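Below is one structure, written out as structure tokens; comments come after it.
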Amino acid sequence: AGLRVAPDEALPLLERALAEGERGELRAAYEALADLPGAEADALVRAQLERLAADLVPAEVALDLVRAAEAHDDPGVRAALDAHRAARAVDAALAPWLDGLFGGDPERGRRLFHEKPETLCVRCHPVGPTEATYVGPNLQDLPRRATRLQMLESIVDPNRRTTPGYGQWRFLLDDERLVFGRVLEETPERVRVQDADGGVADLDPATIVERTRSTSSMPENLTDFLTRREMRDLLAYLAGL
């Protein structure tokens, strides 16, 4: 929550917190700074953005600083924000989310993973031992296999890379039907395919006219349903599996 003091009293407190505070205090200071008007507050934001550009702001609070800066209309703040974003323009898909790679709340991320209807990742991804067959890979011990940046890539741009064994295929059959899914088993007698809903079909190889790689079964629009802070929390949960 913001500081409930007059602006002229808040600034010295914020300056002290930004100079000496731990990460929790820095986050609270940035949240308060977002609501603080005036040239002195603008100057304080600009100074913090300069520190961010020099890698002197903890990664865990980078998003909080950027959000605070976005609340200020000062031309200098805007220019510093533009420079910050320009450095990420090489990857436009990931750029909006990079400030939230660290610093999230794992418990809030767990609820996003297991309970939020628009994401509900657990429908396709188990996170522990199971006998069931899922469309997506088991995410148990995910941090041993992927960095946070790679986790972000898989959410933002799922077709950028695919976990071995979970690539999707498109089958055109001789009766003109199309079947999409990942191959669970392939023998001379059958090709067993699982679709995105978990259904399994056994195809006769003799009926397959054409076989091509398809897109990932991972939805490509998950970011439509996640704020930057929610993404930060989800990454924190995945990084702790």
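As a basis for the values below, the full set of heavy atoms in this structure was taken, side chains included, without hydrogen atoms, waters or symmetry mates. Bear in mind that the values here come from a model prediction, so they are computed numbers and not experimental data.
- Using a cutoff of 4.0 Å between basic side-chain nitrogens and carboxylate oxygens, Arg111 and Glu107 are scored as salt-bridged.
- Minimum interatomic distance between Val191 and Pro205 (heavy atoms only, all atoms of both residues): CG2-CG, 4.2 Å.
- Put simply, Leu178 and Val209 are part of the same group of oily side chains (I, L, V, M, F, W, Y) that touch within less than 4.5 Å, one to the next.
- Other residues, nucleotides and ligands contribute only 12 or fewer heavy atoms inside 6.0 Å of the CZ atom of Arg23.
- Every residue two or more places apart in sequence or in another chain that forms a side-chain contact (heavy atoms from CB on, under 4.5 Å) with Ala34 is listed here: Ala68, Ala71.
- The hydrophobic clustering, which links ILVMFWY residues whose side-chain heavy atoms are closer than 4.5 Å, places Leu63 and Leu26 apart.
- Counting heavy atoms from C-beta on, the side chains of Leu98 and Leu152 come closer than 4.5 Å.
- A salt bridge links Asp64 with Arg232; the closest basic N to acidic carboxylate O contact falls under 4.0 Å.
- Although no hydrogens or angles enter the test, the distance criterion places a donor-acceptor pair under 3.5 Å between the side chain of Asp74 and the main chain of Val77.
- Shortest non-hydrogen contact noted between Trp97 and Val156 is CD1-CG2, 3.8 Å.
- Remark: of the listed residues Arg145, Gln150, Met151, Gln150 is the sole one forming a side-chain contact (heavy atoms from CB on, under 4.5 Å) with Thr147.
- By the 6.0 Å contact criterion, CD on Glu210 is enclosed, its count of non-hydrogen atoms from other residues, nucleotides or ligands being greater than 12.
- Side-chain atoms of Asp105 come within 3.5 Å of backbone atoms of Arg108 as a donor-acceptor pair (strictly under, hydrogens ignored).
- Looking only at distances, a side-chain donor or acceptor of Arg78 sits under 3.5 Å from a matching main-chain atom of His72.
- Rounded to the nearest 0.5 Å, atoms CG (Asp91) and CG (Asp157) are 8.0 Å apart.
- Atom OG1 in Thr227 sits 9.0 Å away from atom CE in Met231 (nearest 0.5 Å).
- A heavy-atom distance below 4.5 Å is not found between the side chains of Thr207 and Asp175.
- Side-chain atoms of Leu49 and Val57, non-hydrogen and from C-beta on, never get closer than 4.5 Å to each other.
- Remark: Asp42 pairs with no residue by the salt bridge (Lys or Arg N to Asp or Glu O under 4.0 Å) rule, at least two apart or across chains.
- Other residues, nucleotides and ligands place more than 12 heavy atoms under 6.0 Å from the CZ atom of Arg211.
- Residues Leu33 and Leu44 come closest through the heavy atom pair CD1-CD2, 4.0 Å.
- The ring-ring contact (aromatic ring centres under 6.0 Å, His included) pairs that include a residue from residues 222-241 are Phe113-Tyr237, His114-Tyr237, where partners are two or more places apart or lie in different chains.
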Passes side-chain contact (heavy atoms from CB on, under 4.5 Å), Val193 versus Val200? Steps please. CA-CA 6 Å; Val193 179; Val200 176; over 6 Å; no

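- In this structure, Leu56 CG and Gln48 CD are separated by 9.5 Å, a value rounded to the nearest 0.5 Å.
- Two residues are said to be in side-chain contact when any heavy atoms from C-beta on lie closer than 4.5 Å; Val183 and Trp169 meet this criterion.
- Ion pairing between Glu60 and Arg148 fails under the 4.0 Å rule for side-chain N and carboxylate O.
- Considering every non-hydrogen atom in both Ala17 and Ala29, the closest pair reads CB-CB, 4.1 Å.
- Between Glu31 and Arg67, none of the side-chain N atoms (NZ, or NE/NH1/NH2) sits under 4.0 Å from a carboxylate O, so this pair counts as no salt bridge.
- Note that the CG atom of Leu65 and the CG atom of Asp99 stand 8.5 Å from one another [nearest 0.5 Å].
- Between Tyr30 and Leu18, the closest side-chain pair of non-hydrogen atoms falls below 4.5 Å.
- Taken from CZ in Arg190 to CG in Asp204, the straight-line distance is 12.0 Å, to the nearest 0.5 Å.
- Considering CD of Glu15 and CD of Glu40, their distance stands at 7.5 Å, rounded to 0.5 Å.
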